[in-house]
2 protein chains.
Amino acid sequence: MSQSGKPRRGGDRAEGHVFDGVDRRILDILQREVDRPVTSIAEEVGLSPTPCWRRIKRLEETGVIRARVALVDQRLANVPMTVFISVKVPSHAKTWLDDFRALIEAIPEITEAYRLTGDVDYILKVVVPDIAAYDLVYKAMIERMDFSQISSSISMEELKFTTALPVDHL
Amino acid sequence: MSQSGKPRRGGDRAEGHVFDGVDRRILDILQREVDRPVTSIAEEVGLSPTPCWRRIKRLEETGVIRARVALVDQRLANVPMTVFISVKVPSHAKTWLDDFRALIEAIPEITEAYRLTGDVDYILKVVVPDIAAYDLVYKAMIERMDFSQISSSISMEELKFTTALPVDHL
DNA sequence: CATGAAAGAATCTCTAT
DNA sequence: ATAGAGATTCTTTCATG
């Protein structure tokens, strides 16, 4: 994968900007260690510091780089448990969805939420210290809203977690 | 949630270190903008720069802060599509799991993978440019390994995505 | 128009009080 | 906690090909 077979045309995006292999390599580095000095990155991609710095700055200004964040260890932050909640909606009224959005935003333990195709309507990723804390989240949800169905799956093991998007498609 | 009702005892972790409310506030900031100057963070949490800097450094050394990374926009990086793959395993042999781990590691489009309780054994998060690219990932998987069952759900909408863990449990 | 060199500003890192 | 020195990095400007 990550090799579609199509010839690379330079990777023009919707916004009209063109990225090349050097941009990809810069992003690949920044997605793993954003505190690397520009000179070090420049060296690795075979550029002098100034043009490299300009590329990074442009990647920020165009929004390709959305944010620079610290990733925190789940266990050391006392939220070692990850639970996935599958939700079916009881109503397709707009008010229900609005309430659901507000609920999701209000609960920091819910770190991800997606609306899906298929028989499950939404999937939520929840991080908590333990089952008891998860139960509090669960209760808070069903107290505030109606659900047609909710089912939980506990993550027994995280095999992979990366925030680095594949860059080969750029 | 995120308020368990128990009195805060300072939040001693497994490693024996004690975090307080200031550490929580620092982490909360760093999880959103890691490039904030130390002096600015110090000001916000009501500390002078030096002790604030020392706290941040300790958070790094103890591994609470795992990494500092750039978050890239999915759409602008040409991987706007998110797909969740549910997998059931055909065999509980160790070799199968080893192969599965290697497969997951080898495919950069698979950004997350978890082993779950319940009827689904694993769930994978995959980011790709489009259906065609997804199909390549899918084919690469079933060509390399056997699965008892695979089912895909396409994300129609990302309601929430944050890498910031809740800090109230620390 | 992109590159490379270099100067000034800001920040980081650590020491001393 | 504060002050501050020295090193590093960032950001901009300018000359060059």
If only side-chain N and O atoms count, and only distance matters, is there a donor-acceptor pair under 3.5 Å linking A/Thr82 with A/Glu158? no
Taking any heavy-atom pair under 4.0 Å as a contact, classify B/Pro51: base, sugar-phosphate, or nothing. base
Between D/dT11 atom C1' and B/Asp35 atom CG, what is the distance in whole Å? 15 Å
C/dT3 C1' sits how many Å from A/Arg58 CZ, rounded? 14 Å
Could a donor-acceptor pair under 3.5 angstrom be found where the side chain of A/Thr50 meets the base of C/dA5? yes
Rounded distance in Å - CZ (A/Arg36) to P (D/dT8): 17 Å
Hey, what's the ring geometry for A/Trp96 with A/Tyr122, parallel, tilted or perpendicular (30° and 60° as the breaks)? tilted
Between P on D/dT2 and CD on B/Glu43, what's the gap in Å once rounded to a whole number? 12 Å
Which nucleotide wins on minimum distance to the side chain of B/Lys57, given the candidates D/dA1, C/dT13, C/dG4? C/dT13
Mind calculating the distance between CH2 (A/Trp53) and P (C/dA2) to the nearest angstrom? 15 Å
What is the distance, to the nearest angstrom, from the CZ atom on B/Arg54 to the P atom on C/dT13? 14 Å
Side-chain contact check for B/Ser48: nearest option of D/dA1, C/dC12, D/dT12 is D/dA1
Check: A/Leu71 main-chain N/O paired with B/Thr163 side-chain donor or acceptor under 3.5 Å: no
A/Ile56 CD1 to D/dT9 P: how many Å, rounded? 13 Å
Please give, in whole Å, the distance from C/dC12 P to B/Leu30 CG? 11 Å
Hey, what do you get for CG (A/Leu97) to CD (B/Glu157), rounding to the nearest 0.5 Å? 6.5 Å
